[in-house]
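Only one structure is covered here, and it is reproduced in the block below.
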Amino acid sequence: MIGDKKVLFSGMQATGNLTLGNYLGALKNWVSLSDEYECFYSVVDMHSITIRQDPAILRKRARALLTLYIAAGLDPEKNCIYYQSHVSGHAELAWILNCFTYMGELNRMTQFKDKAAKHADNINAGLFTYPVLMAADILLYQADVVPVGIDQMQHLELTRDLAQRFNGIYGDVFTIPEAYIGKVGAKIMSLQDPSKKMSKSDENPNGSIYLMDDPDTIRRKCKRAVTDSLGEFRYSDEQPGLHNLIDIFCACTNRTPKDVVSEFSGSGYGQFKEAVGEAVVSVLDPLQKRVAELEKDKSYIDSVIKNNAEKANYYAQKTLRKVQKKVGFPEKIR
Ligand code: TYM
């Protein structure tokens with residue numbers, strides 16, 4: 001708790017072009033939860049270097065992502081929006097937690113297996129221990145709730161296990177966090193292959209809607225989305241392409257699948273795809289305009305970066321001091 005509020009932590013990587021999946025699965029929920037909780041939203045740039053990055057591009061993308069958080073509606077006066085690399089406590093706690101994590105646990109992580117297969121020439125130790133850094137992110141702020149898409153659930157389970165293990169040895173040190181998964185949009189699939197999640201690293205750009213795609217590109221991608229030949233307008237797992245489009249439509253318009261099915265039951269897929277395209281444009285177009293506006297105000301963004309890093313450091317240090325003492329590190333002489 002901070003004051004009378006529970007704590008929320010979440011983060012996003014500044015790698016690749018963010019997709020509609022990132023927005024609907026995470027960022028949109030962050031905004032809706034931000035009044036209720038004391039929130040920490042990090043641009044997790046330390047996670048990004050588990051895959052080789054061009055330094056100038058990473059820096060640019062990290063800033064663009066931080067700006068996007070604000071553009072999406074997160075008020076940086078109320079929400080702590082900061083770069084992970086500006087708070088050294090993340091790395092310090094990650095080291096300690098590494099010493100409480102079993103190799104077997106990390107070996108089971110499906111995201112590690114996927115990324116190792118994709119980057120076979122660079123299977124580094126950071127990629128392997130990535131989930132421990134993620135656990136440190138969350139536990140450092142004593143987060144109660146962590147809004148994420150379904151793909152991060154396994155990492156969150158590990159975080160809970162580590163926190164419980166640590167508490168079991170040393171007493172109540174960490175708050176045990178809960179995942180928050182949105183009702184719709186928690187797993188947005190590729191428009192070209194609805195058995196795969198929509199991903200920034202997809203080689204086929206038509207599978208993903210990028211947050212910075214222009215309206216015509218968005219409409220075209222929706223129009224070309226893969227559906228099926230059944231020709232029936234249902235919300236069913238047997239029609240994964242249509243199911244995904246209904247999820248996207250619902251998440252963009254705050255409607256329920258039941259409602260949408262009854263409205264479009266007499267229409268063809270083509271007509272619905274057009275409606276999906278318009279719904280996505282109506283969400284992303286204003287977002288892009290706000291990003292462009294904010295990007296002009298360099299000193300404002302700089303002040304957000306500075307002030308919020310200080311705030312994050314303050315809370316991080318509080319937890320870190322407690323943990324260091326528990327594991328037996330000698331106290332600093334001040
Ligand atoms: P990242 O950067 O891959 O994704 C950021 C958020 O977007 C969600 N997401 C999706 N949701 C629905 N459908 C999709 N197709 C989709 N693709 C991505 C993700 O679930 C995530 O919530 N390891 C994390 C970043 C991280 C983090 C943390 C998150 C680091 N530390 C602490 C929460 C708490 C990651 O790579 O997310």
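Counting starts at 1 for both ligands and their atoms, in listed order. Along the sequence shown, the residues carry numbers beginning at 1.
- Looking at atom 12 (C) of ligand 1, its nearest protein heavy atom turns out to be A186 O, 3.2 Å.
- Applying the 6.0 Å contact sphere to OH of Y300 captures more than 12 heavy atoms from other residues, nucleotides or ligands.
- Remark: N29 CG to Y180 OH distance equals 5.0 Å, nearest 0.5 Å.
- Put simply, the side chain of Y69 gets close to the backbone of S42: a donor and an acceptor are under 3.5 Å apart.
- In the vicinity of G25, heavy-atom distances shorter than 4.0 Å reach the ligand 1 atoms 11 (N), 12 (C).
- The single protein non-hydrogen atom nearest to atom 7 (O) of ligand 1 is N22 ND2, 3.1 Å, given as residue, atom name and distance.
- Only the side chain of V146 comes within 4.0 Å of ligand 1, counting heavy atoms alone; its backbone N, CA, C and O stay farther away.
- Which of D247, I150, D202, D137 comes nearest to atom 31 (N) of ligand 1 through a heavy atom is settled by distance: it is D137.
- Among all protein heavy atoms, the one lying closest to atom 32 (C) of ligand 1 is F9 CE2, 3.4 Å.
- In this structure, atom 25 (C) of ligand 1 lies nearest to the protein heavy atom G11 O, 3.7 Å.
- Residue contacts with ligand 1: G185 is included, with a non-hydrogen atom under 4.0 Å away.
- Remark: the Q239 side chain and the Y269 side chain contain an N/O donor-acceptor pair separated by less than 3.5 Å.
- For atom 6 (C) of ligand 1, the closest non-hydrogen atom of the protein is A26 CB, 3.6 Å.
- Taking each of A135, S42, G21, A179 in turn, the one with a heavy atom nearest to atom 16 (C) of ligand 1 proves to be G21.
- The shortest N/O to N/O separation between T19 and ligand 1 does not fall below 3.5 Å.
- Close contacts between ligand 1 and H47 involve ligand atoms 30 (C), 31 (N) [criterion: under 4.0 Å to a heavy atom].
- Looking from atom 5 (C) of ligand 1 to the surrounding protein, the closest heavy atom is M12 CG, 3.1 Å.
- The single protein non-hydrogen atom nearest to atom 37 (O) of ligand 1 is Q152 NE2, 3.7 Å, given as residue, atom name and distance.
- D213 contributes a side-chain N or O that, together with a main-chain N or O of Y210, makes up a donor-acceptor pair within less than 3.5 Å.
- Residue-ligand proximity: K200 is placed with a non-hydrogen atom under 4.0 Å from ligand 1.
- Which parts of ligand 1 touch I138 is read off a 4.0 Å heavy-atom cut-off, strictly below it: atoms 32 (C), 34 (C).
- Separating the CG atom in D35 from the NZ atom in K5 is a distance of 6.5 Å, to the nearest 0.5 Å.
- The distance criterion of under 3.5 Å between nitrogen or oxygen atoms is met by M198 with respect to ligand 1.
- Inspection of the D202 and N204 side chains reveals no N or O donor paired with an N or O acceptor under 3.5 Å.
- Residue nearest to atom 20 (O) of ligand 1, selected from L18, D151, L27, V148: D151 (by heavy-atom distance).
- Every atom of ligand 1 with a heavy atom of K187 under 4.0 Å away is listed here by number and element: 12 (C), 13 (N).
- The N/O atoms of G149, backbone and side chain alike, include one that comes under 3.5 Å of an N/O atom in ligand 1.
- When all heavy atoms are compared, the tightest approach of V31 to L74 is CA-CD2, 3.8 Å.
- By the 3.5 Å distance cut-off applied to N or O atoms, Y130 is counted among the residues near ligand 1.
- One finds a salt bridge joining R219 and E278 here, because a Lys/Arg side-chain nitrogen approaches an Asp/Glu carboxylate oxygen to under 4.0 Å.
- For Q142 (side chain) and M1 (main-chain N/O), no donor-acceptor pair under 3.5 Å exists by modelled atom type.
- Residues Y102 and N107 have side chains that never bring a donor and an acceptor to within less than 3.5 angstrom of each other.
- Inclusion of I188 in the set of residues having an N or O under 3.5 Å from an N or O of ligand 1 is warranted.
- No hydrogens or angles considered: nothing links the side chains of Q111 and D151 as a donor-acceptor pair under 3.5 Å.
- With salt bridges taken as basic N to acidic carboxylate O contacts below 4.0 Å, none links R108 and E157.
- Residue-to-ligand polar distances keep Q111 apart from ligand 1: every N/O pair is separated by 3.5 Å or more.
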